[in-house]
Visitor: 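Let me begin by handing over the structure; questions about it come next.
Letters A, B, ... are given to chains in the order of the sequence lines, protein chains preceding strands, and every chain is numbered from 1.
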There are 2 protein chains.
Amino acid sequence: MKNNLFTIGRLSKQTGCVVQTIRYYERIGLLPEPDRSPRGHRLYNEDILNRLKFILRTRQLGFNIKERRQFLELVDGGNYTCQKIRQKTLLHTQEIKRKIKDLKKMERELLRMTDKCNDGNGTDCSILATLFQN
Amino acid sequence: MKNNLFTIGRLSKQTGCVVQTIRYYERIGLLPEPDRSPRGHRLYNEDILNRLKFILRTRQLGFNIKERRQFLELVDGGNYTCQKIRQKTLLHTQEIKRKIKDLKKMERELLRMTDKCNDGNGTDCSILATLFQN
DNA sequence: CATACATGCTATAGTAACTATAGTTACAAG
DNA sequence: CTTGTAACTATAGTTACTATAGCATGTATG
């Protein structure tokens, strides 16, 4: 079972990650350089599959490349504590919260503008008036 | 009053927009090429100041360059209706809502993970367990 | 047997929206 | 006379991919 190797196309299908991105992750060092077939095709194993899945989950959670790399380094090095991981995660959560706050502010202002708008087919537009006010 | 011209430094201070960005907006055609002093320095007037303020407000509201450009084109051409503007604004608001939703989902998952975490100083971390699960 | 298709490869460029840098000029103050 | 400030241009760097060009190879089909 361990020696089951598969190509990049299969890895792509297994994970939902497009081929170019897999190669990109290899290039920037998130994924290791895999074995190659005699023809030069990449051959992956379960370990790399799991590593990629990990990367994709952290991606889905909004961690950027640097943060994903740090996670991987902590795990690879084995020199992490649960506290450290938790700390990173909490910090990231704060970032997300801040982004939500910013977007909500935008949303409020946008709604305020459209509410005032008469939606007519003339050029007298209160939205533009708001945007152009000194 | 109309002939009051000022340099890019003053425009920057008046608007809070850094100098490079002003030149960038000119390069991509959001701002017109201004007059130049004999020394070749850009000289701005009130019109451009107001135009830049407009751009910066739409930026603050999360409109991207393409959208900002469209707003400006509508205004420049005079061929807009209040409806059109309102429509664009509503569409953009939907986009913002979607982003908020995505971020909230991330936040929920992150909180769920950190809640389960024991915050210990060992390597037994439920956050990592979640991220690594098949 | 010839050809088309699928899949893989590399290297490079493009995307968005700035931001930063290098190298230059000009003027004013001490 | 040097230092500081504020302009200028052109170009590169940032983030995280995504797309393209051009090529090799194995398989299926006519």
Visitor: For D:dA6, take OP1 and OP2 only and decide whether either is under 4.0 Å from a side-chain N or O of B:Arg39.
Guide: no

Visitor: Within the structure, does a side-chain N or O atom of B:Tyr25 lie under 4.0 Å from either OP1 or OP2 of C:dA17?
Guide: no

Visitor: Round to the nearest Å and state the distance from B:Ile28 atom CD1 to D:dA10 atom C1'.
Guide: 17 Å

Visitor: Does a side-chain N or O from A:Arg68 land closer than 4.0 Å to OP1 or OP2 of D:dC17, or not?
Guide: yes

Visitor: Counting just side-chain N and O atoms, does B:Arg36 come under 4.0 Å of either OP1 or OP2 of D:dT9?
Guide: yes

Visitor: For the pair made of CD in A:Gln60 and P in D:dA16, what is the distance, rounded to whole Å?
Guide: 16 Å

Visitor: I'd like to know if the side chain of A:Asn45 and the backbone of A:Ile48 have a donor-acceptor N/O pair within less than 3.5 Å.
Guide: yes

Visitor: Check whether any side-chain N or O of B:Tyr24 sits under 4.0 Å from OP1 or OP2 of C:dA16, and answer yes or no.
Guide: no

Visitor: Between A:Arg23 and C:dA11, is there a contact of a side-chain N or O with OP1 or OP2 at under 4.0 Å?
Guide: no

Visitor: So, is B:Arg42 near the phosphate of D:dT9, with a side-chain N or O under 4.0 Å from OP1 or OP2?
Guide: yes

Visitor: D:dT18 phosphate, OP1 or OP2: any side-chain N/O from A:Thr21 under 4.0 angstrom?
Guide: yes

Visitor: Would you check if there is a donor-acceptor pair between the side chains of B:Tyr25 and B:Arg68 at a distance under 3.5 Å?
Guide: yes

Visitor: I need the CZ-C1' distance between B:Arg69 and C:dA16, as an integer number of Å.
Guide: 12 Å

Visitor: Are the side chain of B:His92 and the backbone N or O of B:Asn64 linked by a donor-acceptor pair below 3.5 Å?
Guide: no

Visitor: Working to the nearest 0.5 angstrom, can you tell me the gap between B:Thr21 OG1 and B:Leu56 CG?
Guide: 8.5 Å

Visitor: Whole angstrom is fine here: how far is it from CG in B:Leu52 over to C1' in C:dA17?
Guide: 15 Å

Visitor: Name the residue closer to the 5' end of DNA chain C, choosing between B:Gln20 and B:Asn64 according to the nucleotide with the nearest heavy atom.
Guide: B:Asn64

Visitor: Closer than 4.0 angstrom, basic N to acidic O: yes or no for B:Arg51 and B:Asp47?
Guide: no

Visitor: Using a heavy-atom cut-off of under 4.0 Å over every strand shown, decide if A:Ile8 touches base, sugar-phosphate, or nothing.
Guide: sugar-phosphate

